[in-house]
**Student:** 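One structure, pasted below without further comment.
In this text the structure is predicted, and so the values were computed from the model without any measurement. The first residue of the sequence shown is numbered 1, and numbering continues consecutively from there. Atoms considered below: every heavy atom in the structure, side chains included; atoms not considered: hydrogens, waters and symmetry mates.
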Amino acid sequence: MVERPRDEAGRARNPRPRDRFGRPLPLGSVGVPRIPDDLDLPPQQTLILAQQLLDDGLAFNAHEVLEAAWKNGPFAERMLWQALAQYAVGITHIQRENPKGARTLLERAVTRLLSYAPVDSGESNIGPNNDNCEDNQGDYQNANAERVQRSESCTAPYGIDRDGLIAHARTLLAALDAGTPIGPEDLKPRLAK
């Protein structure tokens, strides 16, 4: 059995360089700079860095930044950060020309974004029919659907543009279903308003 490199806590680490789409390269190759495994930024800095990476076409790296927020953030926000990380992985799959993977991850991201509602007074933020939130999931096929109108209690924190991201993901899903080309500029969603 091959021994894998591990960190101080015993978690497996992959030291191989990666290309801009997150695919491992042979040892000794020059890849894009890696996101540190121990990244722990405040939410606003997380969004700024992830947005810059998306704008630079580095959705895999954006996913790693958002995943760190998901793993390190408060429990009440984990569904939201997980949705954003999955969104970035969905974009990564489009960049890798893997429509099946893209569809799966974008659908998961939309489901989690629709299900997220801020927690206050101990109420759950899980479930698409949360009483704090209007829910109109609509049809993934309808790329021209109006943005979902939400009650004020469903506003995502840190200025995250949940409704804009849902609309953008649905547009990408419709393009994937139709086999329509998706250009690099279409893979730069605005994370925050």
**Student:** Would a single hydrophobic cluster contain both I166 and I182, if residues Ile, Leu, Val, Met, Phe, Trp and Tyr are joined by side-chain heavy-atom contacts under 4.5 Å?
**Tutor:**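 In one cluster with I182: I166, yes.
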**Student:** Under a 4.0 Å N-O cut-off, is there an ion pair linking D56 with K188?
**Tutor:**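 Salt bridge between D56 and K188, a charged N being under 4.0 Å from a carboxylate O: no.
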**Student:** Testing the basics here: between P17 and P26, what is the closest heavy-atom pair and its distance to 0.1 Å?
**Tutor:**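 P17 and P26 have their closest heavy atoms at CG-O, 3.6 Å.
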**Student:** Supply the atom-to-atom distance R96 CZ to F60 CZ, rounded to the nearest 0.5 angstrom.
**Tutor:**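 Output value for this atom pair is 6.0 Å.
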**Student:** Answer whether the closest heavy-atom distance between the side chains of E107 and L173 falls below 4.5 Å.
**Tutor:**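 Side chain of E107 against side chain of L173, heavy atoms only: contact under 4.5 Å found.
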**Student:** Would you check if the side chain of R16 reaches a backbone N or O of L25 as a donor-acceptor pair within less than 3.5 Å?
**Tutor:**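 Pair found, side chain donor or acceptor close to backbone of L25.
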**Student:** Mind listing the closest non-hydrogen atom pair of R78 and K71 along with its distance?
**Tutor:**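 Shortest heavy-atom contact: NH2-O, 3.4 Å.
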**Student:** Show your reasoning for whether side-chain contact (heavy atoms from CB on, under 4.5 Å) applies to I48 and L41.
**Tutor:** CA-CA 10 Å; I48 290 167; L41 298 173; over 6 Å; no
**Student:** Treat each ILVMFWY residue as a node, draw an edge where side-chain heavy atoms are under 4.5 Å apart, and state whether L49 and L66 are in one component.
**Tutor:**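 They do not share one cluster, since no chain of ILVMFWY contacts under 4.5 Å joins L49 to L66.
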**Student:** Donor-acceptor pair, distance only, cut-off 3.5 Å: does the side chain of N72 make one with the backbone of L39?
**Tutor:**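 At least one qualifying donor-acceptor pair exists.
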**Student:** Assess the residue pair L106 and L176 against the criterion (side-chain contact (heavy atoms from CB on, under 4.5 Å)); give the C-alpha distance rounded to whole Å, side-chain angles, the decisive distance to 0.1 Å, and a yes or no.
**Tutor:** CA-CA 11 Å; L106 288 171; L176 288 166; 4.2 Å; yes
**Student:** With a 3.5 Å cut-off and no angle check, do the side chains of R108 and Q86 form a donor-acceptor pair?
**Tutor:**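 Judged by distance alone, the side chains do not pair up.
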**Student:** For the atom pair CG (D161) and CG (L47), what is the distance rounded to the nearest 0.5 Å?
**Tutor:**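 It comes to 11.0 Å.
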**Student:** Angle between ring planes, W81 versus Y158, binned at 30° and 60°: parallel, tilted or perpendicular?
**Tutor:**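 Plane angle between 30° and 60°, so tilted.
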**Student:** Would you mind telling me which of L113, L191, L105 makes a side-chain contact (heavy atoms from CB on, under 4.5 Å) with Y87?
**Tutor:**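 The option that passes is L113.
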**Student:** Do T171 and D186 have side-chain heavy atoms sitting under 4.5 Å apart?
**Tutor:**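 No - every pair of side-chain heavy atoms lies 4.5 Å or more apart.
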**Student:** Judged by atom type as modelled, is there a donor-acceptor pair below 3.5 Å linking the side chain of H168 to the main-chain atoms of L187?
**Tutor:**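 Not confirmed, H168 side chain does not pair with L187 backbone.
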**Student:** For L58 and H63, what are the C-alpha separation, side-chain angles and deciding distance, and is it a side-chain contact (heavy atoms from CB on, under 4.5 Å)?
**Tutor:** CA-CA 9 Å; L58 298 169; H63 137 264; over 6 Å; no
**Student:** For A109 and A83, work out which heavy atoms get closest and say how close.
**Tutor:**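 Of all heavy-atom pairs spanning A109 and A83, the closest is CB-O, 3.4 Å.
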**Student:** Could you tell me whether a side-chain N or O of N61 sits under 3.5 Å from a main-chain N or O of P33, the two making a donor and an acceptor?
**Tutor:**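 Pair found, side chain donor or acceptor close to backbone of P33.
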**Student:** Report yes or no: do F21 and I91 belong to one cluster of Ile/Leu/Val/Met/Phe/Trp/Tyr joined by side chain heavy-atom distances under 4.5 Å?
**Tutor:**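 F21 and I91: separate clusters.
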**Student:** Tell me if a side-chain donor or acceptor on R162 pairs with a main-chain N or O of Y116 at a distance below 3.5 Å.
**Tutor:**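 Yes, because the side chain of R162 sits within donor-acceptor range (under 3.5 Å) of the backbone of Y116.
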**Student:** Quick one: pull up CD1 in I94 and CG in L172 and give me the separation to the nearest 0.5 Å.
**Tutor:**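 So the gap between those two atoms works out to 4.5 Å.
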**Student:** What distance separates W70 CH2 from T46 OG1, expressed to the nearest 0.5 Å?
**Tutor:**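 Between W70 CH2 and T46 OG1, I get 14.5 Å after rounding to 0.5 Å.
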**Student:** May I ask you to test the R20-Q95 pair for a side-chain heavy-atom distance under 4.5 Å?
**Tutor:**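 The answer is no; the side chains never approach within 4.5 Å.
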**Student:** Are L84 and V65 joined in one hydrophobic group, where the rule is that I, L, V, M, F, W and Y side chains link up if heavy atoms are under 4.5 Å apart?
**Tutor:**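 No, separate clusters.
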